[in-house]
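Report on the following structure.
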Amino acid sequence: MASFLFLSVLFSFLHFTSSIPSIGITYSSTVSPPPPPLPAKVSSLISALKINSVRLPDPDPSLIKAFAPTNTSLFLSISNSHLPALASNGSVVLSWLRRHVLPFYPRSKISLISVGNTVLDSTTIQDFSPFLLPATRNLHHALQELGINKIQISATFSFFSTITTAFPPSSAVFQQPAGDLIIKPLLQFLEQTNSSFLINIYPYNLFRLNSEIPIGFALFQDNLFNFRDDPVTGIRYFNLFAMMADAVLTAMAAMGYQNIPVVVAETGWPSGGSQAEEVEANEVYAEMYLKGLVRHLKSGAATPLKKDGVAEVYVYELMDHSGGNNERGRKWGILTENMTMKYNVEFSSGAKNSGICLVAIWFTNWLLITSMNLILGFIGIQG
């Protein structure tokens with residue numbers, strides 16, 4: 001009976017720890033201030049920060065190679081400009097794989113490749129969306145032919161160009177016509193290939209667009225007024241991140257794909273804005289957001305609607321830089337341009353290690369108690 005009880009607790013605990021989303025970081029190498037840090041220095045720095053997953057929007061081969069001696073999981077992205085060629089030419093697909101994957105895998109632990117990033121954004125000059133699904137399929141088939149079956153292939157979307165509403169989450173659907181023409185067939189592909197849906201979630205941007213959102217609700221702050229109730233589901237939301245994540249899950253469920261894992265490819269809060277009125281873009285609020293995000297994810301309740309709805313979350317980003325058009329001069333880094341730490345945030349979830357440690361302690365105690373009972377029982381029999 002005691003052994004059965006122990007095993008029940010053990011398995012339930014292991015199930016709990018596995019549901020905690022991993023927390024990764026984005027490193028944009030091509031936009032770092034010149035001269036960029038050496039790849040080996042970047043990989044060592046990320047390992048020292050105890051960050052186990054890294055997203056590389058511009059995956060330079062030397063950087064991929066630099067992570068080979070580490071236990072860091074890599075999430076590579078292919079730029080939108082490559083999509084037309086990848087969609088129409090198999091030799092281009094093989095060429096990309098020979099440059100970015102085959103020389104390094106599996107020593108470099110490439111786990112995920114995003115074909116394109118926010119292709120539905122209306123701000124882009126060229127429409128790459130018709131090439132998204134063919135390019136994704138071609139890359140997947142090429143990997144299969146090469147005997148590589150453990151790298152997920154997906155595509156990354158922006159919340160604002162993909163989801164109709166954040167509140168109430170129960171009313172969210174995918175924006176049309178892209179929902180039926182692009183996202184639905186992609187979801188079908190992801191289900192067939194056991195891959196994840198990738199989306200960028202920025203509460204800061206939604207807060208800036210809606211003056212009715214309390215700053216504390218966006219920053220994970222505990223307050224009597226920092227909650228919103230969904231009138232349909234009755235779910236109470238205590239932070240904007242969870243509400244936006246549930247809107248994504250609701251939109252996926254509305255299309256019949258509620259079991260596909262969701263990866264938040266980008267999230268963060270800027271410590272500096274490009275415009276004078278961006279007073280909320282400061283280091284105090286950025287640290288509050290990051291600490292609140294980590295605390296929320298470590299709690300195991302990534303979304304109220306579905307406890308394991310978010311599999312991974314990638315913070316944007318490792319270092320400050322003068323950036324491209326997407327960042328509009330904002331500073332998103334957890335490090336300064338001189339690679340000094342800006343915040344006191346522990347990103348490592350510690351779920352696996354702490355689980356093993358606790359289970360080991362429980363197992364040791366159980367063995368001790370069981371042994372003592374056996375000895376006492378034996379003494380009793382002898383007596």
Salt-bridge present (Lys331, Glu283; N to O < 4.0 Å): no

Flag side-chain contact, heavy atom, 4.5 Å: Glu312 against Pro21: no

Neighbour count above 12 (heavy atom, 6.0 Å) for Lys65 NZ: no

Side-chain touch Tyr285/Ser271, heavy atoms, less than 4.5 angstrom: no

Heavy-atom closest contact (Ala166 atom, Met243 atom, distance): O-CG, 3.5 Å

Side-chain donor/acceptor of Asn52 to backbone N/O of Thr72, under 3.5 Å: no

Stepwise side-chain contact (heavy atoms from CB on, under 4.5 Å) test for Gln176 and Thr164: CA-CA 9 Å; Gln176 297 297 343; Thr164 55; over 6 Å; no

Greater than 12 external heavy atoms within 6.0 Å of Glu212's CD: no

Smallest separation among heavy atoms of Thr165 and Phe159, with atom names: O-CZ, 4.1 Å

Residue pair Leu97 / Pro103: nearest heavy atoms and the distance that separates them: O-CD, 4.1 Å

Arg55 charged N/C atom sitting above Phe75 aromatic ring, 6.0 Å / 45°: yes

Mutual orientation of the aromatic rings belonging to Phe238 and Phe227 [parallel < 30°, tilted 30-60°, perpendicular > 60°]: tilted

Lys/Arg N to Asp/Glu carboxylate O, Glu278 vs Arg330, below 4.0 Å: yes

Flag, side chain of Asn338 to backbone of Thr340, donor-acceptor distance under 3.5 Å: no

Centroid-centroid distance, Tyr204 to Tyr289, less than 6.0 Å: no

Check: Val279 main-chain N/O paired with Asn282 side-chain donor or acceptor under 3.5 Å: yes

Hphob cluster co-occupancy, Leu318 + Leu112, side-chain heavy atoms under 4.5 angstrom: no

Value rounded to 0.5 Å, distance of NE2 in His100 from OG in Ser95: 9.0 Å

Heavy-atom closest contact (Val345 atom, Glu287 atom, distance): CG2-CG, 4.4 Å

Point-to-point distance, once rounded to the nearest 0.5 Å, from CG of Leu56 to OG of Ser77: 8.0 Å

Under 3.5 Å: donor-acceptor pair, side chain of Ser108, backbone of Phe67: no

Side-chain (Arg295) to main-chain (Phe220) donor-acceptor, under 3.5 angstrom: yes

Where Ala242 and Asn239 come nearest, the two heavy atoms and their spacing: N-OD1, 2.7 Å

Asn117 side chain near Glu266 side chain, heavy-atom distance below 4.5 Å: yes

Validation row: Ile23, Leu297 side chains within 4.5 angstrom (heavy atoms): yes

Val54 reachable from Tyr314 in the ILVMFWY side-chain graph, under 4.5 Å edges: no

Within 45° cone and under 6.0 Å: Arg228 NZ/CZ vs Phe167 ring: no

Sub-4.5 Å side-chain heavy-atom contact between Asn200 and Thr267: no

Partner of Phe157 by side-chain contact (heavy atoms from CB on, under 4.5 Å), out of Ile163, Leu198, Leu120, Val248: Leu120

Asn138 side chain vs Leu86 backbone, donor-acceptor pair below 3.5 Å: yes

Mutual orientation of the aromatic rings belonging to Tyr316 and Tyr202 [parallel < 30°, tilted 30-60°, perpendicular > 60°]: perpendicular

Asp230 side-chain N/O to Ile235 backbone N/O, donor-acceptor pair under 3.5 Å: no

Mutual orientation of the aromatic rings belonging to Phe207 and Trp269 [parallel < 30°, tilted 30-60°, perpendicular > 60°]: tilted

Within one Ile-Leu-Val-Met-Phe-Trp-Tyr cluster: Met288 and Leu290, side-chain cutoff 4.5 Å: yes

Under 3.5 Å: donor-acceptor pair, side chain of Gln188, backbone of Gln192: no

Backbone of Lys306 reached by a side-chain donor or acceptor of Thr303 within 3.5 Å: yes

Plane angle bin for Phe241 and His296 - parallel if under 30°, tilted between 30 and 60°, otherwise perpendicular: perpendicular

Spacing of Thr156 atom OG1 and Ile78 atom CD1 [to the nearest 0.5 Å]: 10.5 Å

side-chain hydrogen bond (donor to acceptor under 3.5 Å, both in side chains) partners of residues 145-155, not counting sequence neighbours, each pair once: Gln144-Asn149, Gln152-Ser196

Gap separating the OG atom of Ser79 from the CG atom of Asp58, nearest 0.5 angstrom: 8.5 Å

Common cluster, Ile113/Val263, ILVMFWY with side-chain heavy-atom separation under 4.5 Å: no

Minimum side-chain heavy-atom gap Leu335-Lys342 below 4.5 Å: no

Hphob cluster co-occupancy, Leu181 + Leu83, side-chain heavy atoms under 4.5 angstrom: yes

Leu63 vs Tyr27 side-chain heavy atoms within contact, under 4.5 Å: yes

Between CG on residue Leu249 and OH on residue Tyr257, distance to nearest 0.5 Å: 16.0 Å

Stepwise side-chain contact (heavy atoms from CB on, under 4.5 Å) test for Gln258 and Met252: CA-CA 6 Å; Gln258 61 268 26; Met252 293 170 64; over 6 Å; no

For Ser161 against Asp121, the heavy-atom pair lying closest together: OG-OD1, 2.7 Å

Backbone of Ala40 reached by a side-chain donor or acceptor of Ser43 within 3.5 Å: yes

Pairwise side-chain contact, Leu94 with Trp96, heavy-atom cut-off 4.5 Å (strictly under): no

Rounded distance [0.5 Å steps], OG in Ser195 versus CG in Leu186: 9.0 Å

Ile334 vs Phe347, side-chain contact (heavy atoms from CB on, under 4.5 Å): CA-CA, chis, key distance, verdict: CA-CA 11 Å; Ile334 65 170; Phe347 289 99; 3.8 Å; yes

Chi angles and distances behind the side-chain contact (heavy atoms from CB on, under 4.5 Å) call for Ile46, Thr70: CA-CA 10 Å; Ile46 290 174; Thr70 72; over 6 Å; no

Donor + acceptor pair across side chains of Ser28, Glu317 (<3.5 Å): yes

More than 12 heavy atoms of other groups within 6.0 Å of Lys184 NZ: no

